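Report on the structure given below.
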Amino acid sequence: MKNIRFNDLSFNFDQQPILKNITAEFTAGKIHLLTGVSGSGKSTILKLIAGLLPKYGGEIVAGAVDVPTDAHIGMVFQDPLMQFALDTPRHELEFTLENCQVPTDQIPERVKKALRFGKVDDLANRLITTLSGGQQQRVALAAATAIQPNVLLLDEPFANIDEENRQLILKQLVCLSSDYHTTIIITDHDLHGYEQLHPLVWQLTKGHLAQLSSKNRNQLLTASATPQITTVLPLSTLPAIIKFDELAIKRDNHSLLLPTNLGIVKNKITLLTGPNGIGKSTLLKAIARLLKYEGKIDYAEENIQKISSGKYYKHLGLIFQHANDQFLNVTVGEELALGFKTCQNPYFNQQQVNEALAALGLNGREDQVVYSLSGGQKKKLQILLMLMRGQETLLLDEPFTGLDPTSLKTVLQLIKASQKEKPQTLLIVSHQLSGLDGFIDYHLTMNHQRLNYVGGSYES
């Protein structure tokens with residue numbers, strides 16, 4: 001297969017320039033890694049190669065994309081839910097292969113191999129809607145590889161994937177490249193572990209794309225070490241805003257959490273980690289009264305089942321894993337208007353919101369449709385809006401997906417500044433740990449149906 005070329009290409013979305021005079025050549029059979037700040041246009045490049053743009057939005061205002069006619073493309077979207085058509089991983093893969101006119105007698109073996117590649121063979125017959133975000137990403141990867149593409153496009157493929165599966169899939173991508181000479185193009189912000197792929201690294205800055213030299217590439221990748229979180233253990237005498245009393249959670253008669261007694265410390269930031277599919281998002285939904293559980297959850301020493309919904313949700317908010325689920329309006333401006341209407345946080349006056357929008361790179365986008373924002377931009381808007389609500393407790397499910405290091409730092413500074421004015425309890429589920437050391441007060445792990453605080457010695 002020939003190389004994929006961008007020839008002096010400029011691309012606009014809603015008359016806003018996204019890519020400017022890009023000239024680049026992606027060598028066939030190599031692994032390419034695209035980096036750049038949130039909203040810089042990395043996903044746009046992948047969608048142009050896949051032929052999704054300008055077919056479904058935007059316009060090429062100059063130049064062209066030259067994709068070889070024999071390119072057989074598989075793609076994993078940033079939000080995998082956008083690409084599923086059927087109910088289970090097995091049915092999704094069978095449907096994908098049928099659409100690609102794979103002979104019927106070959107489909108079972110191809111499905112089996114693809115499920116194994118995505119490390120989802122044990123999830124083959126589960127409803128996709130019951131899978132965790134990380135499990136859904138692995139199903140999407142299995143579907144993309146099932147068609148045996150010679151070009152594989154991966155948009156933030158590890159955003160919600162635990163460390164063990166991240167390392168396993170990185171190794172499989174190495175095999176895919178060396179054994180089948182597949183052209184692999186990946187966008188990512190968290191670069192740890194990529195050195196084993198020996199990728200060609202590209203940086204997208206203000207609409208312009210440039211390939212890094214070998215020296216700069218090596219410096220960038222070796223500096224991206226596996227993140228570590230250092231915390232202390234909370235004292236049992238500290239005030240807990242949320243208390244679990246023999247809390248147990250099941251899914252389809254399968255136990256996710258054995259009876260547990262534990263408290264979430266008031267006005268502190270607690271990180272919740274654990275493998276994909278272990279039940280972290282389910283725990284947040286239980287606290288938010290969105291699903292059934294056994295035992296008792298107390299909020300401010302009152303059983304949450306005895307608190308009226310209106311009163312409870314004035315005190316507690318949930319930032320959903322999928323940002324699209326949070327938005328109620330069409331444009332950024334309309335969402336901000338609603339944010340001001342429901343604002344209970346004295347920190348966020350008009351001037352402070354304007355400064356936050358500028359710092360987050362969201363200023364001047366009031367007329368933009370929220371769903372046309374990049375994944376990282378949606379996350380930043382979602383977090384800002386929920387901070388404005390000012391509930392005393394916030395549950396955050398993978399809030400940092402799609403954020404580049406600079407954006408993440410800005411978001412964390414915004415949270416800390418807001419907390420000084422209006423203290424809040426935060427319980428955060430995140431697989432992305434880079435940049436969180438020093439921000440987190442306590443670290444809670446969920447594994448083997450148990451919840452435990454981890455860290456060094458107890459606070460003095």
Side-chain angles (χ1 to χ4, degrees), residues 1-69 71-80 82-83 140-141 144 149-159 173 177 182-191 194 197 199-212 217 220 361 368 371-378 401-404 407:
M1 192 187 81
K2 294 180 181 177
N3 298 340
I4 296 168
R5 292 187 177 89
F6 281 69
N7 301 313
D8 199 28
L9 179 129
S10 295
F11 183 84
N12 290 2
F13 210 104
D14 291 340
Q15 298 181 334
Q16 186 173 348
I18 304 296
L19 304 175
K20 302 171 186 175
N21 305 111
I22 283 182
T23 295
E25 190 166 342
F26 294 98
T27 307
K30 298 287 187 181
I31 299 176
H32 303 264
L33 179 60
L34 292 183
T35 67
V37 300
S38 305
S40 59
K42 301 182 300 298
S43 300
T44 301
I45 287 177
L46 296 193
K47 288 174 182 175
L48 282 163
I49 294 171
L52 298 174
L53 299 176
K55 185 177 181 179
Y56 296 112
E59 61 173 334
I60 295 175
V61 293
V65 187
D66 182 11
V67 179
T69 54
H72 186 38
I73 297 173
M75 183 171 178
V76 175
F77 287 59
Q78 202 171 104
D79 182 352
M82 293 175 64
Q83 64 192 95
L141 182 61
N150 53 18
V151 177
L152 182 60
L153 309 175
L154 306 175
D155 197 0
E156 301 272 353
F158 303 114
L173 292 178
S177 174
T182 307
T183 304
I184 303 173
I185 306 177
I186 311 170
T187 74
D188 213 335
H189 295 298
D190 184 352
L191 306 183
Y194 276 108
L197 271 64
L200 300 171
V201 179
W202 301 78
Q203 204 150 41
L204 192 56
T205 310
K206 295 181 179 178
H208 299 285
L209 185 65
Q211 186 179 340
L212 297 187
R217 175 194 67 183
L220 181 67
Q368 189 168 344
Y371 307 106
S372 72
L373 296 172
S374 75
Q377 289 169 331
K378 288 177 189 174
T401 302
L403 297 188
D404 62 271
S407 293

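Predicted model only: the values in this text are computed from it and were never measured.
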Output the distance between atom [atom1] ([X]) and atom [atom2] ([Y]), rounded to the nearest 0.5 Å.
X	Y	atom1	atom2	value
Ser40	His208	OG	NE2	12.0 Å
Thr187	Asp155	OG1	CG	3.5 Å
His189	Lys42	NE2	NZ	3.5 Å
Gln211	Leu200	CD	CG	5.0 Å
Leu173	Leu197	CG	CG	6.0 Å
Phe26	Leu153	CZ	CG	9.5 Å

Heavy-atom closest pair, residues [X] and [Y]:
X	Y	answer
Tyr194	Pro157	OH-CG, 4.4 Å
Phe11	Val61	N-CG2, 4.3 Å
Gly41	Ile18	CA-CG2, 3.9 Å
Leu9	Ala64	CD1-C, 3.7 Å
Gly376	Gln78	N-OE1, 4.0 Å
Thr44	Leu53	CG2-CD1, 3.9 Å

Determine, step by step, whether Leu204 and Leu19 satisfy the side chain to side chain contact (heavy atoms under 4.5 Å, CB included) criterion, reporting the C-alpha distance in whole Å, the side-chain angles of both residues, the deciding distance to 0.1 Å, and the verdict.
-> CA-CA 9 Å; Leu204 192 56; Leu19 304 175; 4.1 Å; yes

Step by step, would you call Glu156 with Asp188 a side chain to side chain contact (heavy atoms under 4.5 Å, CB included)?
-> CA-CA 5 Å; Glu156 301 272 353; Asp188 213 335; 3.5 Å; yes

Start with the C-alpha distance between Leu48 and Phe6, add both sets of side-chain angles, then the distance that settles side chain to side chain contact (heavy atoms under 4.5 Å, CB included), and finish with yes or no.
-> CA-CA 10 Å; Leu48 282 163; Phe6 281 69; 4.1 Å; yes

Acceptor/donor pairs from residues 30-38 side chains to any protein atom, 3.5 angstrom cut, sequence neighbours excluded:
| from | atom 1 | to | atom 2 | distance (Å) |
| --- | --- | --- | --- | --- |
| His32 | ND1 | Trp202 | NE1 | 3.2 |
| His32 | NE2 | Thr27 | N | 3.3 |
| His32 | NE2 | Thr27 | O | 2.9 |
| Thr35 | OG1 | Trp202 | O | 3.2 |
| Ser38 | OG | Gly402 | O | 2.9 |
| Ser38 | OG | Asp404 | N | 3.2 |
| Ser38 | OG | Asp404 | OD1 | 2.9 |

Keeping the roles fixed (side chain from [X], backbone from [Y]), state whether a donor-acceptor pair exists under 3.5 Å.
X	Y	value
Asp8	Gly63	no
Thr183	Ala28	no
Gln83	Met75	yes

What residues, two or more places apart in sequence or in another chain, satisfy salt bridge (Lys or Arg N to Asp or Glu O under 4.0 Å) together with Glu25?
-> Arg5

Hey, mind stepping through Val67 and Ile73 against side chain to side chain contact (heavy atoms under 4.5 Å, CB included) and telling me if it holds?
-> CA-CA 10 Å; Val67 179; Ile73 297 173; 4.2 Å; yes

Of all residues at least two apart in sequence or in a different chain, which pass the side-chain hydrogen bond (donor to acceptor under 3.5 Å, both in side chains) check with Thr182?
-> none

